[in-house]
J.: 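For reference, the structure I am asking about is given below.
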Amino acid sequence: MANGQWYPPEWPDRIRALAEGSLTPVAPRRAATVMLLKDHDAATTPGPLVHMLRRRTSMAFAGGAYAYPGGGVDPRDEHEIRWAGPTRAWWSSRLGVEEATAQAIVCAAVRETYEEAGVLLAGPTEDTVVGDTTGDDWEADRAALVARDLSFAEFLDRRGLVLRSDLLGAWTRWITPEFEPRRYDTWFFVAALPEGQRTRNASTEADRTVWIHPSEAAAAYDKGELLMMPPTIATLRQLTPYDTAAEALAAAPDRDLTPVLAQATLVNDEIVLAWPGHDEFTKHIPTAGEAPA
């Protein structure tokens with residue numbers, strides 16, 4: 001392949017079915033993912049590193065693809081929660097959803113980052129962050145969160161912690177194409193690795209994690225060495241101009257959160273699959289069913 005774009009073999013048939021009206025799109029599930037950044041010695045390549053994980057090849061969705069920690073919103077993420085930073089009303093306006101939904105999305109971003117990377121954007125007070133989150137007691141709580149035996153609100157209450165929503169910056173929003181059987185309405189956030197914490201591969205869905213410079217990851221994608229979905233490589237390219245994690249976070253409030261949704265249209269004897277504003281992902285699929293261009 002020319003690059004590392006993840007392209008499921010069943011897409012052409014599903015796109016044709018959607019174009020013909022025989023496929024009914026499923027409703028997307030709300031989700032959140034976090035581009036966790038950390039500064040490093042920029043003697044070689046300037047700019048922060050981003051934390052990525054590689055999905056196990058056995059995964060039904062995007063197996064082998066590199067992504068960020070994240071996942072679906074848990075209905076309990078709307079429960080009353082210890083909160084610090086911008087208000088729920090502010091987040092409602094920023095994300096373009098109701099306040100309860102905004103809280104759930106932000107909560108999911110923080111919860112999933114802890115579940116999959118062991119990094120917790122929370123602290124004892126509104127201006128502090130927990131330090132080392134390793135150890136048997138932390139791991140027991142993390143496992144209970146993953147198993148949904150413990151809600152994030154209960155976890156914070158037990159620990160006497162508040163969620164630090166000010167440590168997140170909303171970056172972009174992508175919705176899985178209508179022809180996909182599994183669909184997500186995903187908000188992408190940026191955050192800096194808190195001092196004293198370190199990432200680890202805590203996800204059962206990943207077989208590898210890496211800290212990598214966005215430009216290096218993008219170059220590996222271009223060579224076909226790293227497999228990624230369009231939102232992942234698009235956000236990596238968007239991170240390359242920033243010299244520090246703080247600069248990326250400072251830029252987040254001005255980012256456009258208009259959802260990116262792929263469009264499949266029938267043009268003459270081929271289906272054109274395009275992501276508005278992201279021409280590099282455009283695919284031309286012959287109606288006869290040959291491999292996509």
J.: Run the side-chain hydrogen bond (donor to acceptor under 3.5 Å, both in side chains) test against Thr87 and tell me which residues pass, sequence neighbours left out.
T.: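 So Thr87 forms no side-chain hydrogen bond (donor to acceptor under 3.5 Å, both in side chains) with any residue.
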J.: Sequence neighbours excluded, which residues qualify as side-chain hydrogen bond (donor to acceptor under 3.5 Å, both in side chains) partners of Thr134?
T.: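 Per chain and number, Thr134 pairs via side-chain hydrogen bond (donor to acceptor under 3.5 Å, both in side chains) with Asp132.
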J.: Can a cation-pi geometry be assigned to Arg159 and Trp138, taking NZ or CZ under 6.0 Å from the six-membered ring centre and within 45° of the ring axis?
T.: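 Positive - Arg159 is close enough to the ring of Trp138 and near enough to its axis.
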J.: Would you please name every residue forming a side-chain hydrogen bond (donor to acceptor under 3.5 Å, both in side chains) with Trp275, sequence neighbours left out?
T.: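 Trp275 satisfies side-chain hydrogen bond (donor to acceptor under 3.5 Å, both in side chains) with no other residue.
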J.: Got a salt bridge between Glu139 and Arg142, using NZ or NE/NH1/NH2 to carboxylate O under 4.0 Å?
T.: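 A salt bridge links Glu139 with Arg142.
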J.: Taking Asp185 first and then Arg173, would you say they form a salt bridge - that is, a charged N and a carboxylate O separated by under 4.0 Å?
T.: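 The answer is yes: the pair qualifies as a salt bridge.
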J.: Excluding sequence neighbours, so at least two apart, what forms salt bridge (charged side-chain N to carboxylate O under 4.0 Å, His left out) with Glu99?
T.: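 Testing Glu99 for salt bridge (charged side-chain N to carboxylate O under 4.0 Å, His left out), a comparison that skips the adjacent residues, returns none.
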J.: Under a 3.5 Å threshold, yes or no: a donor from one side chain and an acceptor from the other, between Thr235 and Trp171?
T.: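 No - no donor-acceptor pair under 3.5 Å links their side chains.
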J.: Does the side chain of Tyr68 come within less than 4.5 Å of Leu53's, by heavy atoms?
T.: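 When only atoms from C-beta onward are counted, Tyr68 and Leu53 do not touch, as no gap falls below 4.5 Å.
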J.: Quick test of your reading of the model: are Arg158 and Asp137 salt-bridged, counting only N-O distances below 4.0 Å?
T.: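 Judged by the 4.0 Å cut-off on N to carboxylate O distance, Arg158 and Asp137 do not form a salt bridge.
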J.: Determine which pairs satisfy side chain to side chain donor-acceptor pair (under 3.5 Å) with at least one residue from residues 17-38, sequence neighbours left out, and list them in order.
T.: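 As it turns out, there is no side chain to side chain donor-acceptor pair (under 3.5 Å) pair with a partner in residues 17-38 once direct neighbours are skipped.
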J.: Quick one: side-chain hydrogen bond (donor to acceptor under 3.5 Å, both in side chains) partners of Glu154, sequence neighbours excluded?
T.: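 Here the qualifying residues are Ser151.
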